[in-house]
Every structure is written in structure tokens, then in C-alpha cells.
Amino acid sequence: MRLNENTLLLGKKVVLVPYTAEHVPRYHEWMRSEELRRLTASEPLTLEQEHSMQRSWREDADKCTFIVLDAEKWRARPSTTEESCMAGDVNLFLTDLGDPSLGEIEVMIAEPSCRRRGFGTEAVLMMMSYGVTKLGLTKFEAKIGQGNEPSIRMFQKLHFEQVAVSSVFQEVTLRLTVNEHERQWLLEQTSHVEERCYGDGSPQSQ
């Protein structure tokens, strides 16, 4: 999605940045993990295919992707590279042509050292806030493998409710409708988030 190609969102634990060619090698390394491919229902791709996918996602109007960075490491730049700060990714898919207010959300914290530290929760909250305020979304769905209990619990803590179970795809569908009460709660949870222009340089110069 071109809309977010110059957008950086700075939270407390994570920083969200657009998915660029610079991030592809690390992403490709992550996706060599059978466990991650199973949890994300992904097929193994070559590095060239990953680069092609990154370019496609940047152009597609129905996909919004941010790379999740470890904010603590990111603040240490320029002494470290952005690639070394990568923790995972968070995505919104706007694929329901009959309902443009619905977004399917997914998050992956791929870096083992970044798990169980609240990165996924903050990334999802930041992405939902972006979806509500920038994309006009009022409903979110999350489709999660039945065996991925930590992810299911995380979304339930964010007020999602289970609406379907597919034995064929071995996945659970959770949904959240953002009424005015949920909208205010979401904006309160993300009131600390700062939006910056991506590519302005290191944190010290901003």
C-alpha cells in the first residue's frame, strides 16, 4: 500500500515502518522456519520471490504492511542498522469487496528474543488505530491457527470475540466491531504513539 510508504509510527516498545527492500533478507531468514510458516500458513519462497512479494505488497491498495522494530534497539541508531532492529511484521488486508470497512489483521513476532514482551499487543493496537483513523475501518477480523493459543489469547484481551472455527483450515476467526466506546478505548491505548515521516534520518536527528 502506497499510503503508508512514508509513515513511521513510534510507540513505547515497538516502531512500525513500511516494508522496504532493505528488510527482505531478514524477513526471508525468518520464513525459513517451519514453525513460523506453519503459524502464518505461508509457503517457502526464494529470496527473489520475497523481493517480488515485497514490491507487490507496496503497490497493492488492499494490503497495508508495517515491519515491527524493537524500539529500544531502534533508538540506539545510527550505531545499529534498521535490519538488526527487526522483530516481526503486522498486516491489514482489505480484501472484502462487499465491505470496505472490514480489515483482516495479523501480526508475527518472528524474532525469538522479542516474544512475550508485549511487542505483538502494541503493534496490533497501533495498526488498528491506523486502520480506524487513516483507512476508515470499523471492523477487524483475525484468523489464527487453532494451535496458536498465545495469539488467540492476545486478541481476546484486545476485545476480539470468537465468531467461527474452521476444522478444514484448522483456524479460529475472531472479530471486533469498533463502536464509539471501542474507538475511544483504542485511541486512549495508542495516545502515546507518535507519527513521523519515514526516512528522515536517525532518531537523534528528529
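Note that CD1 of Ile152 is 5.5 Å distant from CD1 of Ile144, once rounded to the nearest 0.5 Å. Atom SG of residue Cys64 and atom CG of residue Leu137 lie 9.0 Å apart, to the nearest 0.5 angstrom.
Looking only at atom types and distance, the side chain of His23 has a donor-acceptor partner in the side chain of Glu82 under 3.5 Å away. In this model, no donor atom of one side chain and acceptor atom of the other lie less than 3.5 Å apart for Asp62 and Thr95.
Grouping the Ile, Leu, Val, Met, Phe, Trp and Tyr side chains by contacts below 4.5 angstrom, directly or via other members, places Ile105 with Val68. Side-chain heavy atoms closer than 4.5 Å link hydrophobic residues (I, L, V, M, F, W, Y) into clusters, and following such links, possibly through other members, connects Val17 to Met86.
In this pair, Phe155 and Phe160 present their aromatic rings perpendicular. The plane angle is above 60°, beyond the 30 to 60° band. The aromatic rings of Trp57 and Phe93 lie perpendicular to each other, with more than 60° between the two planes, well past the 30° mark. Relative ring orientation between Tyr19 and Tyr27 is described as tilted, the plane-to-plane angle lying within the 30° to 60° band.
Between the side chain of Asn4 and the main chain of Pro18, no donor-acceptor pair closer than 3.5 Å is present. A distance-only check finds a donor-acceptor pair linking the side chain of Arg117 to the backbone of Ser113 [under 3.5 Å].
Using a 4.0 Å cut-off between charged side-chain N and carboxylate O, Glu122 and Lys13 make no salt bridge. Arg196 has a carboxylate O that lies under 4.0 Å from a charged side-chain N of Glu194, or vice versa, which qualifies the two as a salt bridge. Ionic pairing of Lys134 and Glu195 is present here: one or more N-O contacts between side-chain nitrogen and carboxylate oxygen are shorter than 4.0 angstrom.
Applying the side-chain contact (heavy atoms from CB on, under 4.5 Å) test between Val178 and each of Glu180, His181, Glu182 identifies Glu182 as the sole match.
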